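What follows is a single structure, written as structure tokens, with notes after it.
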Number of protein chains: 2
Amino acid sequence: MARPTKKAKAEALTELLLTMFRANNLTLAWGDRLVSPVGLTSARWQILGAIVLVDRPQPVAWLARDLGANRQNVQRIINDLKKDELVSFEPNPHHKRAQLVVLTPKGQQTYEAAINLYSPLVEALAEDFSAEDIGAAQRVLSALRTKLETLAADG
Amino acid sequence: MARPTKKAKAEALTELLLTMFRANNLTLAWGDRLVSPVGLTSARWQILGAIVLVDRPQPVAWLARDLGANRQNVQRIINDLKKDELVSFEPNPHHKRAQLVVLTPKGQQTYEAAINLYSPLVEALAEDFSAEDIGAAQRVLSALRTKLETLAADG
DNA sequence: CGTATATTGACATTATCATGTCAAATATGG
DNA sequence: CCATATTTGACATGATAATGTCAATATACG
């Protein structure tokens, strides 16, 4: 049959989800190895990235929401980052307890070093794919994300 | 410029990876909620699926390799599944210690119940995507997986 | 057969994640 | 202003995952 049936599409999506689980874990492991020379892990790197990406410094709970992650785990990792002097807290004029998280110079250097390790490799990796396929994959996964976020919120 | 530059593709891939992290976590959480009525979790469900998919019963270590997961964690989960009488061990003619993992009738029923919960939802979810986009996403992620598996093995 | 190597399950340890609770601080609605 | 609900960081606890080690077993190779 030319037109894909409902079931065929559902099976394809199932296969995609299983592939995503694998690719996700492999990517995290790859990231761990990649940035370990600068003392980071995938998790710490992601959190540094979240801090860099926001326009203005935010408290931990906001960063956690941005990341779609657990507030408590983000807190723990950011506390670790503070011990390593990669981030520091600065007073929040709007909230006495919820301090703002900012990168220290060391934190900025570390993040840049991670990016410098990452950039050439992701460029090489991207060579293997067409821009169209990457775009299609992005469409599917971000739509999936939106859908599941809605489901998680409502129901 | 019409032709996507190296950097543009690399940025698109980076964005895709970040989306994948989110979609992966949301999918696992969704799966946890989905199959919790039958006493499963995403992790237990995946392992049951691996047991079902293989033609012939396999020992724990082989299943772990199939899943690309930790041998020890799979062992722990399968031990839990045995306590719940969803799987049982049967003697392996080729190996005295490495027993073969098989589903019990209760395990089969539970797995089928999970599938019955899952099927209509994944069909509904698949409606939102074109078969072409799903295929493209599958191509990208499985190529990514292959690439990273190679890197992990060599490097 | 005999030896070296690899595999496997059991066990222990540590790290990471998930979840709930609490008090302080803030925001909201009268 | 007051009462209530929400947010936030701190803390505790249990679940899950990652990593290393060990003895038993199996495999490969002379």
Side-chain angles (χ1 to χ4, degrees), chain A residues 21-22 24-33 35-36 39-47 51 57-84 87-102 152-153, chain B residues 21-22 24-33 35-36 39-47 51 57-84 87-102 152-153:
Chain A
F21 295 154
R22 289 284 197 107
N24 183 79
N25 291 342
L26 287 164
T27 303
L28 289 177
W30 175 71
D32 280 339
R33 292 211 309 174
V35 296
S36 68
L40 292 181
T41 62
S42 286
R44 289 160 63 114
W45 181 20
Q46 260 188 281
I47 288 179
I51 297 171
Q58 292 182 357
V60 169
W62 292 30
L63 293 170
R65 259 199 302 264
D66 275 1
L67 287 162
N70 239 269
R71 188 166 56 90
Q72 290 84 339
N73 289 330
V74 174
Q75 182 81 53
R76 177 180 54 81
I77 293 175
I78 286 186
N79 288 343
D80 290 348
L81 292 173
K82 180 164 190 305
K83 275 181 203 146
D84 286 358
V87 306
S88 62
F89 296 131
E90 68 178 33
N92 184 348
H94 299 304
H95 199 299
K96 213 171 271 185
R97 295 181 67 191
Q99 294 176 292
L100 302 174
V101 183
V102 295
Chain B
F21 296 153
R22 289 284 197 108
N24 183 80
N25 291 342
L26 287 164
T27 303
L28 289 177
W30 174 71
D32 279 339
R33 291 211 309 175
V35 296
S36 67
L40 292 181
T41 62
S42 286
R44 290 160 64 114
W45 182 20
Q46 261 189 280
I47 288 180
I51 298 170
Q58 293 181 356
V60 169
W62 292 30
L63 293 170
R65 259 200 302 265
D66 275 1
L67 287 162
N70 238 267
R71 187 163 57 87
Q72 290 83 341
N73 289 330
V74 174
Q75 182 80 53
R76 177 180 53 80
I77 293 174
I78 287 186
N79 288 343
D80 290 348
L81 291 173
K82 180 164 189 306
K83 275 182 203 143
D84 286 358
V87 305
S88 62
F89 296 130
E90 67 179 33
N92 183 348
H94 300 303
H95 198 298
K96 214 172 272 182
R97 294 180 66 192
Q99 294 178 291
L100 302 174
V101 183
V102 296

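Just so it is clear, the structure is predicted and the values come from calculations on it, not from any experiment. Chain naming here is simple, since letters A, B, ... match the order of the sequence lines and numbering starts at 1 in each.
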Shortest side-chain distance from [X], nucleotide among [options]:
{"X": "A:Lys96", "options": "C:dA25, C:dG9, D:dT19", "result": "C:dA25"}
{"X": "A:His95", "options": "C:dG9, D:dT8, D:dA10", "result": "D:dT8"}
{"X": "B:Pro59", "options": "C:dG9, C:dA10, D:dT8", "result": "C:dG9"}
{"X": "A:Gln72", "options": "C:dA18, D:dA18, C:dT19", "result": "C:dT19"}

With a 4.0 Å cutoff (strictly under), does any side-chain N or O of [X] reach OP1 or OP2 of [N]?
{"X": "A:Trp62", "N": "D:dT8", "answer": "yes"}
{"X": "A:Gln75", "N": "D:dA10", "answer": "yes"}
{"X": "A:Arg65", "N": "D:dT7", "answer": "no"}
{"X": "B:Asn70", "N": "D:dA17", "answer": "no"}

Euclidean distance, atom [atom1] of residue [X] to atom [atom2] of [N] [Å, nearest integer]:
{"X": "B:Asn73", "N": "D:dG20", "atom1": "CG", "atom2": "P", "value": "14 Å"}
{"X": "A:Ile78", "N": "D:dA10", "atom1": "CD1", "atom2": "C1'", "value": "14 Å"}
{"X": "A:Leu28", "N": "D:dT19", "atom1": "CG", "atom2": "P", "value": "12 Å"}
{"X": "A:Ile77", "N": "C:dA15", "atom1": "CD1", "atom2": "C1'", "value": "11 Å"}
{"X": "B:Asn79", "N": "C:dA10", "atom1": "CG", "atom2": "C1'", "value": "9 Å"}
{"X": "B:Asn92", "N": "D:dT25", "atom1": "CG", "atom2": "P", "value": "13 Å"}
{"X": "A:His94", "N": "C:dA27", "atom1": "NE2", "atom2": "P", "value": "9 Å"}
{"X": "A:Asn25", "N": "D:dT19", "atom1": "CG", "atom2": "P", "value": "12 Å"}

If you measure from [atom1] on [X] to [atom2] on [Y], what distance do you get to the nearest 0.5 Å?
{"X": "B:Gln99", "Y": "B:Ser88", "atom1": "CD", "atom2": "OG", "result": "9.5 Å"}
{"X": "B:Asp80", "Y": "B:Gln75", "atom1": "CG", "atom2": "CD", "result": "10.5 Å"}
{"X": "A:Leu28", "Y": "A:Trp45", "atom1": "CG", "atom2": "CH2", "result": "10.5 Å"}
{"X": "B:Arg76", "Y": "B:Ile47", "atom1": "CZ", "atom2": "CD1", "result": "8.5 Å"}

* Considering heavy-atom distances to DNA chain C, does B:Arg71 or A:Arg76 have its closest nucleotide positioned more toward the 5' end? ->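 Comparing both residues, the 5'-ward one is B:Arg71.
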* Would you state whether a donor and an acceptor, one from the side chain of B:Arg97 and one from the base of D:dA24, lie under 3.5 Å apart? =>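 Looking at the base of D:dA24, it does pair with a donor or acceptor on the side chain of B:Arg97 (distance under 3.5 Å).
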* Asked: Which atom names give the shortest non-hydrogen contact between A:Arg97 and A:His95, and what distance separates them?
  ->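 The pair with the smallest heavy-atom distance is N-ND1, 3.1 Å.
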